[in-house]
Asker: 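Structure in C-alpha cells, see below.
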Amino acid sequence: MDIQSLLRENIKALTPYSTARDDYEGTAEVYLDANENPFPSEYNRYPDPHQRKVKEKISALKNIPVENIFLGNGSDEAIDLIIRAFCEPAADSILIPEPTYGMYAVCASINNVPVKRVLLNSWFDLDVDAINKTLDASVKIIFLCSPNNPSGNLLNKEKINSLINTFNGIVVIDEAYIDFAADEGFLPVLSNYPNLIVLQTFSKAWGLAGLRLGLAYASNVIIATLNKLKYPYNINSLTQNTVLEKLSSAGVKNSQVNLIIRERKKLIERLATVSEVIRTYPSDANFVLVKFKDAGYVYNNLLKRSIIVRDRSAVALCEGCLRITVGTPEENTKLIETLRML
Ligand SMILES: *Cc1c(COP(=O)(O)O)cnc(C)c1O
C-alpha cells in the first residue's frame with residue numbers, strides 16, 4: 001500500500017520549518033542560535049523539538065522504534081494533524097462508527113472535511129457491512145475507538161483486522177483506554193500495517209491529563225509526515241521532563257490501573273442493586289455507561305449533591321444513559337449511596 005499517494009499534494013510538497021536546534025544533537029558550550037534569554041533559569045531554553053529522550057524511553061517501554069512514535073499536545077493534536085495530512089477540505093471525508101469520541105468529527109469539521117457516520121450495532125460493536133456500504137472513494141480515514149468512548153467496550157478484533165486489510169486508506173485506532181482492557185491492543189501488530197495509526201495518551205491510565213501528552217504510533221512515512229506538520233516546539237519542557245520522570249515509575253500507574261479495574265467490577269455489581277438503574281453496559285475502560293429509568297432526573301440530582309457525571313442521553317444508541325467515571329473507592333461509595341437515596 002502506497003501511503004504517499006494518500007497524502008494531500010500540498011503536504012507532500014511541504015518544506016517544514018527547520019528549528020535552530022535541528023542541525024545539532026549534542027550539548028554545546030555556548031548557544032547563540034535561537035535568540036533565547038541567556039541567563040539560566042529552568043525554562044530559558046526552547047524544548048527539544050524531537051523529544052528524543054522521551055521517545056527513547058517510550059520506545060523501550062512499548063517496544064516500538066523511535067521512528068514510529070509521534071508525540072502531540074494531547075491525542076487531539078494527532079487527530080487534527082492526521083486529518084490535515086490526508087483529507088483535502090471539502091473533497092475528502094472521514095468515516096466514524098457512532099456513538100464515539102466527539103473530537104474526530106469536530107476536528108474534521110474545523111478542517112471542512114465531511115464526516116460519514118455509521119451506527120455501531122446494538123452491542124456497540126462494528127457493523128462491517130454497513131461500513132462497507134458507506135465507504136466511497138472520498139473516504140480517506142476510518143476512526144475507530146477501542147475501548148470505545150462512551151460505551152466502554154473493546155471493538156471486535158477480527159472486524160478491525162478485516163477493515164485494516166480491505167480499506168484502501170488510513171485506519172486510526174484510538175486506544176486511550178487500552179490499559180484498562182484485558183487486551184494488548186494493536187501495537188504488537190503495528191509493523192504489519194503501513195496504513196494503521198494507533199493513538200494512545202498519558203491523560204487516562206497515567207494520570208497526567210493536565211500535562212497534555214498524546215501519542216501516535218504508525219509506519220515511518222506517516223510519523224515523518226506528522227512531524228513535518230506539527231508546531232516545532234509542540235511539547236513544552238515541563239511536560240517532557242515530568243513525563244520522563246513518570247515513565248520511570250510505571251509501577252504506580254499499573255497499581256492504580258489494577259485498583260480502578262477492581263473498583264469498576266464492584267461499581268457494576270452495586271449499580272445493579274440501584275432501583276433507578278435499568279442496566280450497566282460491560283466496560284473495558286475506566287468508566288461505565290449506565291441506562292437509567294430517568295437519566296435527566298438522576299443527572300440533576302447528582303449535580304445538586306455535587307457529583308458530576310457525563311450526560312450521554314442525547315447521543316445515538318445511548319438514550320437514557322449517563323457515563324460515569326470510576327473514581328476512588330470513597331467516591332464510588334458516595335455515588336452509590338447517593339443513587340440509592342434518589
Ligand atoms: C480522553 C480521550 C482521549 C485523550 O485525549 P488527550 O487529548 O490525549 O487528553 C483520546 N481519545 C479518547 C477516545 C478519549 O476518551
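Computed from a predicted structure; not experimentally measured. All ligand and atom numbering here is 1-based and tracks the order in the structure. In this chain, numbering begins with 1 at the start of the sequence shown.
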Asker: Would you please determine whether F202 falls within less than 4.0 Å of ligand 1 on a heavy-atom basis?
Answerer: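 No, F202 has no heavy atoms under 4.0 Å from ligand 1.
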Asker: Distance alone, cut at 3.5 Å: any donor-acceptor contact between the side chains of S138 and D92?
Answerer: no
Asker: Can you pull out the closest protein heavy atom to atom 11 (N) of ligand 1? Residue, atom name and distance to 0.1 Å, please.
Answerer: D174 OD2, 2.6 Å
Asker: Under a 4.0 Å threshold between the charged nitrogen and the carboxylate oxygen, would E331 count as salt-bridged to K334?
Answerer: no
Asker: Which ligand 1 atoms does C145 reach within 4.0 Å, using its non-hydrogen atoms?
Answerer: 13 (C)
Asker: What's the shortest distance from atom 15 (O) of ligand 1 to any protein heavy atom, and which residue and atom give it?
Answerer: Y177 OH, 2.6 Å
Asker: Could you tell me whether N149 approaches ligand 1 through its side chain, its backbone, both or neither, with non-hydrogen atoms closer than 4.0 Å?
Answerer: side chain
Asker: Quick one: do the Q240 and Q51 side chains pair a donor with an acceptor below 3.5 Å?
Answerer: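 Side chains of Q240 and Q51: no pair found under 3.5 Å.
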Asker: Contact between ligand 1 and R212 is defined here as a heavy atom of the residue under 4.0 Å from a ligand atom; is it met?
Answerer: yes
Asker: Within a distance under 4.0 Å of any heavy atom of K204, pick out the atoms of ligand 1 and give their elements.
Answerer: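 Answer for ligand 1: 1 (C), 2 (C), 3 (C), 4 (C), 14 (C), 15 (O).
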Asker: Rounded to the nearest 0.5 Å, what separates atom CG in L81 from atom CG in N227?
Answerer: 9.5 Å
Asker: Can you name the residues that form a ring-ring contact (aromatic ring centres under 6.0 Å, His included) with F180, not counting sequence neighbours?
Answerer: none
Asker: Restricting to ring-ring contact (aromatic ring centres under 6.0 Å, His included), what partner residues turn up for F186, sequence neighbours left out?
Answerer: none
Asker: Can you find an N/O atom of Y104 closer than 3.5 Å to an N/O atom of ligand 1?
Answerer: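 So ligand 1 has no N or O lying under 3.5 Å from an N or O of Y104.
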Asker: Just jot down the ligand 1 atoms closer than 4.0 angstrom to any heavy atom of S203, in number order.
Answerer: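 By the 4.0 Å cutoff, the relevant atoms are 6 (P), 8 (O), 9 (O).
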Asker: Within ligand 1, which atoms have a heavy atom of A176 less than 4.0 Å away?
Answerer: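 Going through ligand 1 atom by atom, the ones under 4.0 Å from A176 are 2 (C), 3 (C), 10 (C), 11 (N), 12 (C), 14 (C).
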Asker: With distance as the sole criterion, is a donor-acceptor pair present between the side chains of Y46 and D33 under 3.5 Å?
Answerer: no
